[in-house]
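Just passing along the structure, written as structure tokens.
Note on naming: letters A, B, ... go to the chains in the order of the sequence lines (proteins, then strands), and numbering restarts at 1 for each one.
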Amino acid sequence: MKANYLDDLNERQREAVITLQGPLMIIAGAGSGKTKVLTTRIAHLMRNGVDAFNILALTFTNKAAKEMKERVEKILGGHEARNLYIGTFHSVFARLLRSDAPKLGYPSDFTIYDSDDAKSVVKTIVNELNLDDKHYKPNLVYNRISAAKNSLMSPEAYQQDYYIQQEDQRASRPLTGKIYDMYAKRCFKNGAMDFDDLLYKMYVLLKSFPDVLAKYQHKFKYIMIDEYQDTNPAQYEIVKLLGAVHENICVVGDDAQSIYSFRGATIQNILQFEKDYDDVKVVKLEQNYRSTKSILNVANEVIAKNKGQIEKNLWTDNAEGEKIKLIRTNTDNEEGKTVADTIAEQKLRNHYANRDFCILYRTNAQSRAFEESLRRLAIPYRIFGGLSFYQRKEIKDFIAYLRVIMNSRDEEAIKRIINYPVRGIGKTTIEKVSIYANDQNITFWEVLERAKEFGFKAGTLDALDGFVTMIKSFRIMLDKHNAYEIALQVGKSTNIVKELFNDKTTEGLARYENIQELLNSIKEFTETPNEDGELEDNKSLGIYLQQITLLTDADNTNDENSDVVKLMTIHAAKGLEFPVVFTVGMEESLFPSGMSINSREELEEERRLFYVAVTRAKSRLFLTYANSRYRFGQLQQNEPSRFLEEVPEQFLDRSYAGGGLRNSGSLGGGASWGNMFDKRKTAAPPQGPQPARTAPRPTSSAVSNHTPSPNFAADNPHEMEPGMDVEHQKFGFGKILSMEGAPNNRIATVMFPKGGGEKKIMLNYAKLMIVRQQ
DNA sequence: CAGTTGCTGTTTTTT
DNA sequence: ACAGCAACTG
């Protein structure tokens with residue numbers, strides 16, 4: 001261990017680190033060295049004789065957990081650090097629940113449902129209750145259920161709560177409580193917990209089994225919570241229970257950066273912390289090491305507009321820096337172009353690398369314009385967020401097999417794969433199985449196993465039997481084979497891998513590669529010894545499944561060092577920093593979001609979001625907005641964001657590529673804006689006037705619709721051969737590339753240059769006319 | 001059954 | 001615009 005680790009800290013930081021006993025709240029302003037304090041504090045605890053086994057550190061993201069782990073290891077050496085419990089709330093609780101789940105009636109190999117699985121269960125139930133899913137939108141209903149669990153409200157309590165019932169009544173969804181109840185029972189029956197259950201059931205476990213509670217209270221003598229401002233009531237209560245004996249609870253957070261209330265986080269947890277415990281010590285980290293004075297000034301001015309904050313005064317010794325640059329453009333496309341141009345220019349002028357830039361937006365949909373422009377200038381970029389690897393269909397399908405092997409009660413997983421690849425088990429059959437399962441109160445799987453008793457037709461019965469036999473054959477492997485071996489076998493005997501391999505479309509290729517990547521990652525998992533050095537025992541399929549469900553794309557930090565411009569939502573940027581930040585789309589109804597301008601609380605959260613965006617920047621910050629942009633396919637005119645008006649004039653530089661606060665002239669105020677880029681040579685050929693999206697464009701149907709030749713008449717499928725030029729009524733002219741299928745059901749692969757590329761055409765149905773023989 | 005067409009609902013998102 | 005889906009049809 002480094003001997004002088006305390007010397008690297010400022011006075012406040014040191015005070016936080018050496019306060020080891022009793023409740024401690026660290027208010028850590030943006031860029032004030034929060035992670036450093038947390039990790040050093042852990043090291044200091046151990047230095048002072050605390051056993052690593054007795055320390056629990058909880059974070060929100062895997063990424064934060066990983067970073068913390070690595071940094072502690074750096075101070076202590078990996079040897080001592082490996083017994084620490086550092087992880088996300090969800091992963092730590094999943095791990096604890098694994099051993100005690102049977103106490104609650106769950107298998108210890110319970111499945112973890114991600115939100116897609118959970119919504120799908122909700123949907124099933126809404127259908128079973130014959131409710132209209134226009135009213136009972138699975139998404140909304142699931143959010144209600146999720147919120148209930150995050151406030152530790154049982155289905156019974158939910159249905160009895162007058163206020164809640166009123167709300168559901170008003171939303172004309174009075175049966176939400178009923179759905180919650182059925183949902184909970186269904187998950188239980190399926191042997192599955194959703195993300196919220198990992199918290200909720202943990203709480204129930206601690207509450208119902210005093211011996212379990214005592215065990216963990218004794219074990220976790222020191223507890224640390226990161227991002228405390230984003231905790232929800234469930235997390236709050238669990239922490240309170242776990243820490244009740246020793247009260248060595250250290251929470252770290254910044255109320256100014258609380259941006260997850262839409263997911264049940266309550267800022268009250270941090271605002272109230274002092275009242276929750278006696279003798280709370282509060283340490284404020286107010287020195288910012290990240291940003292220039294200019295940037296910090298803006299951040300402070302903006303956040304000061306919020307009410308009810310913990311008082312603090314963030315300051316820095318850093319240089320004054322440049323003013324914040326405000327850029328107005330006419331359209332969203334032009335915004336993209338201007339930002340890309342500015343990046344190119346800044347790279348030249350200030351010798352930045354690509355990785356020094358980050359483009360932050362409020363919504364994922366905004367990324368498009370920036371992608372296009374960056375690509376045009378050949379600037380490499382990467383978008384963070386969006387669909388995670390594990391949410392891709394082919395990945396979920398494959399994993400569904402593994403889930404079923406592990407837990408046959410997992411109905412959601414069975415339904416995903418029972419007819420994938422196609423094995424002749426259609427919608428009707430699945431519905432019947434569901435009904436039988438509900439009627440007899442047995443699991444979906446049991447109905448499949450005992451299909452004979454339910455009088456399916458012979459063909460269907462064969463198909464069901466085949467499926468059951470196959471799954472069982474995989475299950476036998478569990479004893480002697482690790483996750484990778486089983487996964488390989490699944491890929492082989494289901495033909496999934498082969499099928500995707502033979503699919504030569506672009507999507508097919510991507511899917512094939514994704515499956516390969518999945519298999520590789522499983523292999524990697526089985527080959528990496530875990531922290532305790534165990535290899536065999538811990539490399540089971542069960543462990544693997546629990547891990548990956550809690551993993552997300554945001555955790556893929558492997559190419560963190562690659563030299564690319566980063567694009568992400570402001571939410572995703574929390575905790576990160578970049579030399580140059582563009583906060584784009586600074587417009588009313590976009591940012592602040594139109595959904596969040598109806599209450600003070602919501603607006604304040606948007607403002608905190610803006611604060612987070614501003615404080616990501618180290619040396620240069622650009623704010624951009626467009627007079628008009630396409631949203632939902634509609635051209636929309638937006639006023640500049642009210643947040644721009646909250647930035648005092650003296651901190652702004654409007655000269656940069658134009659910029660004026662108001663939409664003065666309708667078309668950008670003449671020659672003053674955007675011109676500096678037009679005069680410069682860019683890597684791309686000059687675009688000329690931006691191809692206005694307002695200009696009449698050919699409608700999409702006109703592009704893809706081909707007008708058939710007057711003499712069009714379908715030719716006999718049997719006469720078609722590869723190499724022929726053909727005409728299709730809709731796709732236009734094309735060339736037959738190959739031919740497959742049974743003689744009486746021939747399928748041609750045809751390349752239509754103007755009709756969307758390669759298509760598979762079933763000749764019995766779609767009609768082709770031969771234009772020219774080979 | 002599978003491919004096509006038409007309709008809907010579109011913040012933020014970790015786990 | 002666009003994706004994800006339910007209903008339709010060859």
- Query: Do H571(A) and Y361(A) have ring centres separated by under 6.0 Å?
  - Reply: no
- Item | Straight-line distance of N62(A) CG to T88(A) OG1, nearest 0.5 Å | 5.0 Å
- Message: Can you measure K63(A) atom NZ to dT15(B) atom P for me and round it to whole angstrom units?
- Response: 10 Å
- Do N333(A) and R368(A) have side chains that get closer than 4.5 Å, going by heavy atoms? yes
- Message: Looking at N330(A), is its backbone amide N or carbonyl O close enough to the side chain of S628(A) to form a donor-acceptor pair, meaning the two atoms are under 3.5 Å apart?
- Response: yes
- Message: Let's go through K396(A) and D114(A) carefully: what are the C-alpha distance in whole Å and the side-chain angles of both, what is the deciding distance for salt bridge (charged side-chain N to carboxylate O under 4.0 Å, His left out) to 0.1 Å, and is it a yes or a no?
- Response: CA-CA 10 Å; K396(A) 287 213 77 165; D114(A) 66 20; 2.8 Å; yes
- Message: Using a 6.0 Å distance limit plus a 45 degree cone around the ring axis, check whether R382(A) lies over the aromatic ring of F384(A).
- Response: yes
- Taking Watson-Crick and G-U wobble contacts under 3.5 angstrom, with | marking pairs to another strand and [ ] crossing pairs, the secondary structure of DNA chain C is written ||||||||||
- Message: Measure CG/D194(A) against P/dT14(B) and give the value in whole Å, please.
- Response: 17 Å
- Atom-to-atom span, CZ of F93(A) to P of dT15(B) - whole angstrom: 15 Å
- Is a side-chain donor or acceptor of D197(A) paired with a backbone partner of D194(A) at a separation under 3.5 angstrom? yes
- Item | Ion pair E372(A)/R375(A), N-O distance below 4.0 Å | no
- Item | Heavy-atom protein contacts under 4.0 Å, nucleotides 8-13 of chain B, coded B base, S sugar-phosphate only, - none | --BBBB
- Query: Has the side chain of S115(A) got a donor or acceptor that lies under 3.5 Å from a partner of the other kind on the base of dT15(B)?
  - Reply: yes
- Task: May I ask you to establish whether R95(A) and Y85(A) are in a cation-pi arrangement, using a distance under 6.0 Å from NZ or CZ to the six-membered ring centre and at most 45° from the ring axis?
- Result: yes
- Query: Rounding to a whole Å, what distance do you find between F110(A):CZ and dT15(B):P?
  - Reply: 17 Å
- Query: Just checking, is any N or O donor in the side chain of E587(A) or S641(A) under 3.5 Å from an acceptor N or O on the other one?
  - Reply: no
- Round to the nearest Å and state the distance from I425(A) atom CD1 to dC1(B) atom P. 9 Å
Identify all pairs in which a protein N or O lies below 3.5 Å from an N or O of nucleotides 6-8 of chain C, and state each distance.
from: dA6(C); atom 1: OP1; to: K123(A); atom 2: NZ; distance (Å): 2.8

- Query: Looking at Y420(A), does the NZ or CZ of K393(A) lie under 6.0 angstrom from its six-membered ring centre and within 45 degrees of the ring axis?
  - Reply: yes
